[in-house]
Amino acid sequence: QVQLVESGGGLVQPGGSLRLSCAADGFSLDTYSVTWARQAPGKEREGVSCIDGRADTTYYTDSVKGRFTISRDATRKMVYLQMNSLKADDTAVYYCARRRGLYSCRTSNWLRDFNSWGQGTQVTVSS
């Protein structure tokens, strides 16, 4: 039914760019909010970005503002995370997930209120 699958991770040098993809199945991307989160080794999972369904509003954690851009293509059933000016601190496994119910990212906890997490894709930023 509901399934999200991440892809596009890899090794990139500091200052480089990478685009992650999240293939969404079993629901409409123009209805449900979707989040990107990441988890680095030995650290807690961190919400990175979120995009609303109907409202089409985007949100970012402070550490990635101005560098990352979340977007969606409902026709192709894809959510993207464009990452520019990458830093070593961006190294992590990146996950996407869907909001429980039809609610905005603004009133949500980007970790607790989302489920159907994918398997994740590894992003390594290193020279």
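The figures that follow rest on heavy atoms only: side chains count, while hydrogens, waters and symmetry mates do not. One-based numbering along the sequence shown.
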Engineer: Restricting to pairs with a member in residues 97-127, which pass ring-ring contact (aromatic ring centres under 6.0 Å, His included), not counting sequence neighbours?
Structural biologist: none
Engineer: Quick one: do Y59 and I70 end up in the same hydrophobic cluster if we chain Ile, Leu, Val, Met, Phe, Trp and Tyr together by side-chain heavy atoms under 4.5 Å apart?
Structural biologist: no
Engineer: By the definition side chain to side chain contact (heavy atoms under 4.5 Å, CB included), identify the one residue from L18, L11, L81, T91 that meets it with V123.
Structural biologist: L18
Engineer: Identify, with sequence neighbours excluded, every residue that meets side-chain hydrogen bond (donor to acceptor under 3.5 Å, both in side chains) alongside S28.
Structural biologist: D30
Engineer: Quick check: is I51 connected to F27 through a chain of hydrophobic side chains (ILVMFWY, heavy atoms under 4.5 Å apart)?
Structural biologist: yes
Engineer: To the closest 0.5 Å, what do you measure between OG (S17) and CE (M83)?
Structural biologist: 9.0 Å
Engineer: Does any N or O in the side chain of R106 come within less than 3.5 Å of the main-chain N or O of D52, such that one atom is a donor and the other an acceptor?
Structural biologist: no
Engineer: Please report the closest heavy-atom contact between Q122 and A92, naming both atoms and the distance.
Structural biologist: NE2-O, 3.5 Å
Engineer: For Y32, does its backbone N or O pair with a side-chain atom of R99 as donor and acceptor, under 3.5 Å?
Structural biologist: no
Engineer: I'd like a table of donor-acceptor pairs (distance under 3.5 Å, sequence neighbours excluded) in which one partner is a side-chain atom from residues 35-47, with atom names and distances.
Structural biologist:
residue	atom	partner	partner atom	Å
T35	OG1	S49	O	2.8
R38	NE	E46	OE1	2.9
R38	NH1	D90	OD1	2.9
R38	NH1	Y94	OH	2.9
R38	NH2	E46	OE1	3.4
Q39	NE2	K43	O	3.1

Engineer: To the closest 0.5 Å, what do you measure between CD (Q13) and OG (S126)?
Structural biologist: 8.5 Å
Engineer: Are any side-chain N or O atoms of N109 and backbone N or O atoms of L111, one a donor and one an acceptor, separated by less than 3.5 Å?
Structural biologist: yes
Engineer: In residues 19-26, what donor-acceptor pairs under 3.5 Å come from side-chain atoms, sequence neighbours left out?
Structural biologist:
none

Engineer: Kindly say whether S63 contributes a backbone atom to a donor-acceptor pair with the side chain of R67 at under 3.5 angstrom?
Structural biologist: yes
Engineer: What residue pairs, at least two apart or across chains, pass side chain to side chain donor-acceptor pair (under 3.5 Å) with a residue in residues 71-81?
Structural biologist: D56-R72
Engineer: What's the shortest heavy-atom distance between C50 and S33, and which atoms?
Structural biologist: SG-CB, 4.5 Å
Engineer: Show which side-chain atoms of residues 1-10 pair as donor or acceptor with protein atoms under 3.5 Å away, not counting sequence neighbours.
Structural biologist:
residue	atom	partner	partner atom	Å
E6	OE1	Q119	N	3.0
E6	OE1	G120	N	2.9
E6	OE2	C96	N	2.8
E6	OE2	G118	N	3.3

Engineer: Would you check, one step at a time, whether the test side chain to side chain contact (heavy atoms under 4.5 Å, CB included) holds for L29 with V79?
Structural biologist: CA-CA 8 Å; L29 289 175; V79 179; 3.6 Å; yes
